[in-house]
Visitor: 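Here you go, one structure.
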Amino acid sequence: HVQLVESGGGSVQAGGSLRLSCAVSGNIYRRYCMGWFHQAPGKEREGVATRDTAGSTRYADSVKGRFTISEDNAKNTLYLQMNSLKPEDTAMYYCAARWGLSGSWCDVSRTQSDYNYWGQGTQVTVS
């Protein structure tokens with residue numbers, strides 16, 4: 001059983017920063033792709049950033065230069081550092097994992113159905 005638990009969301013003014021965390025527990029594969037998605041009301045869930053087993057990262061154009069995805073293997077935790085936040089970043093943010101696939105598969109354009117496991121989400125509001 002795999003569980004992903006996000007935390008760190010909140011309300012912030014435009015230009016501010018937040019760091020989201022995703023704690024991973026359970027059966028963790030050696031080969032994986034992990035990602036952050038966001039979903040605004042009335043819109044589809046979209047990929048924001050991904051990180052694969054080798055540490056390669058990919059970002060949506062809308063967040064390049066502002067967001068950074070990282071992980072702490074010792075803590076089994078994935079992070080999303082969000083800087084220079086904009087009102088359009090307002091959304092529910094989800095952590096996702098796909099075991100057994102990595103490398104070039106781990107593209108930010110992957111959709112919701114491509115991932116095996118999801119967290120419950122954490123709300124980010126930028127005003």
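We count residues from 1, following the sequence as given. All heavy atoms count here, side chains included; hydrogens, waters and symmetry mates do not. Bear in mind that the values here come from a model prediction, so they are computed numbers and not experimental data.
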Visitor: For Ile69 and Leu78, run side chain to side chain contact (heavy atoms under 4.5 Å, CB included): C-alpha distance rounded to whole Å, both residues' side-chain angles, the deciding distance at 0.1 Å, then the answer.
Guide: CA-CA 7 Å; Ile69 187 171; Leu78 183 75; 3.9 Å; yes
Visitor: Report yes if some heavy atom in the side chain of Tyr59 is under 4.5 Å from a heavy atom in the side chain of Thr50; otherwise report no.
Guide: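 Counting from C-beta outward, Tyr59 and Thr50 never come under 4.5 Å.
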Visitor: When clusters are formed by joining ILVMFWY residues with side-chain heavy atoms under 4.5 Å apart, either directly or through shared neighbours, do Val63 and Leu18 land in the same one?
Guide: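 They do share one cluster, since a chain of ILVMFWY contacts under 4.5 Å joins Val63 to Leu18.
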Visitor: Write down the atom of Cys22, the atom of Leu4, and the distance for their closest heavy-atom approach.
Guide: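 Reported closest heavy-atom pair: SG-CB, 3.9 Å.
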Visitor: Would a distance-only check, ignoring hydrogens and angles, find a side-chain to backbone donor-acceptor pair under 3.5 Å from Arg51 to Ser56?
Guide: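 Not at all, since once roles are kept as given, no pair shorter than 3.5 Å links the two residues.
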Visitor: Quick one: do Trp105 and Tyr115 satisfy ring pair (Phe, Tyr, Trp, His ring centres under 6.0 Å)? Show the steps, please.
Guide: CA-CA 11 Å; Trp105 185 93; Tyr115 284 80; 5.6 Å; yes
Visitor: Would you mind reporting whether Leu101 and Tyr32 have side-chain heavy atoms less than 4.5 Å apart?
Guide: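 The answer is no, as the side chains (C-beta and beyond) never meet within the 4.5 Å cut-off.
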Visitor: Specify the closest pair of heavy atoms between Ala40 and Ala91, including all atoms of both residues, with the distance to one decimal.
Guide: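 That would be N-CB, 3.9 Å.
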Visitor: Establish, yes or no, whether a centroid distance under 6.0 Å links the rings of Trp118 and Phe37.
Guide: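 So the answer is yes for these two rings.
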Visitor: Kindly compute the distance separating CZ (Phe67) from CG (Asn83), expressed to the nearest 0.5 Å.
Guide: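 Reported value, rounded in 0.5 Å steps: 8.5 Å.
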Visitor: As an exercise, state the distance from CG of Leu20 to OG of Ser7, rounded to the nearest 0.5 Å.
Guide: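 Nearest 0.5 Å value for the CG-OG distance: 8.0 Å.
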Visitor: Atom CD of Gln39 and atom CD of Glu46: how far apart are they, to the nearest 0.5 Å?
Guide: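 That separation rounds to 9.0 Å.
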Visitor: Return the CG to CD distance between Leu80 and Glu6, rounded to the nearest 0.5 Å.
Guide: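 That separation rounds to 11.0 Å.
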Visitor: Measure from the side-chain N and O atoms of Thr90 to the backbone N and O of Thr125, and report whether any donor-acceptor pair falls under 3.5 Å.
Guide: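 Side chain of Thr90 to backbone of Thr125, a donor-acceptor pair under 3.5 Å: no, none is there.
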Visitor: Less than 4.0 Å between a side-chain N and a carboxylate O, is that true for Arg110 and Asp107?
Guide: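 Salt bridge flag = no for Arg110 with Asp107.
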Visitor: With rounding to the nearest 0.5 angstrom, report the OG to CE distance, Ser17 to Met82.
Guide: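 Result: 8.5 Å between the selected atoms.
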Visitor: Could you state the interatomic distance from CH2 (Trp36) to OH (Tyr93), rounded to the nearest 0.5 Å?
Guide: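 If I round to the nearest 0.5 Å, the distance is 10.5 Å.
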Visitor: Identify which one of Arg31, Arg98, Arg58 satisfies the salt bridge (charged side-chain N to carboxylate O under 4.0 Å, His left out) criterion when paired with Asp52.
Guide: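 The option that passes is Arg58.
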Visitor: Is a donor on one side and an acceptor on the other found under 3.5 Å between the side chain of Thr77 and the backbone of Lys75?
Guide: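 It does hold such a pair.
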Visitor: Run the side chain to side chain contact (heavy atoms under 4.5 Å, CB included) check on Met92 and Arg45 step by step: do they pass?
Guide: CA-CA 9 Å; Met92 186 74 78; Arg45 194 171 296 188; over 6 Å; no
Visitor: Just so I know, are the side chains of Val24 and Met34 near enough to count as touching, which here means a heavy-atom distance under 4.5 Å?
Guide: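 Yes, their side chains come closer than 4.5 Å.
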Visitor: Tell me the closest heavy-atom pair linking Ala60 and Gly47, and the distance in Å.
Guide: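 Reported closest heavy-atom pair: CB-O, 3.6 Å.
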Visitor: Restricting to non-hydrogen atoms, name the atom on Tyr94 and the atom on Gly119 that form the minimum distance, rounded to 0.1 Å.
Guide: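 That would be CD2-O, 3.7 Å.
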Visitor: Would a distance-only check, ignoring hydrogens and angles, find a side-chain to backbone donor-acceptor pair under 3.5 Å from Gln13 to Val126?
Guide: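 Not at all, since once roles are kept as given, no pair shorter than 3.5 Å links the two residues.
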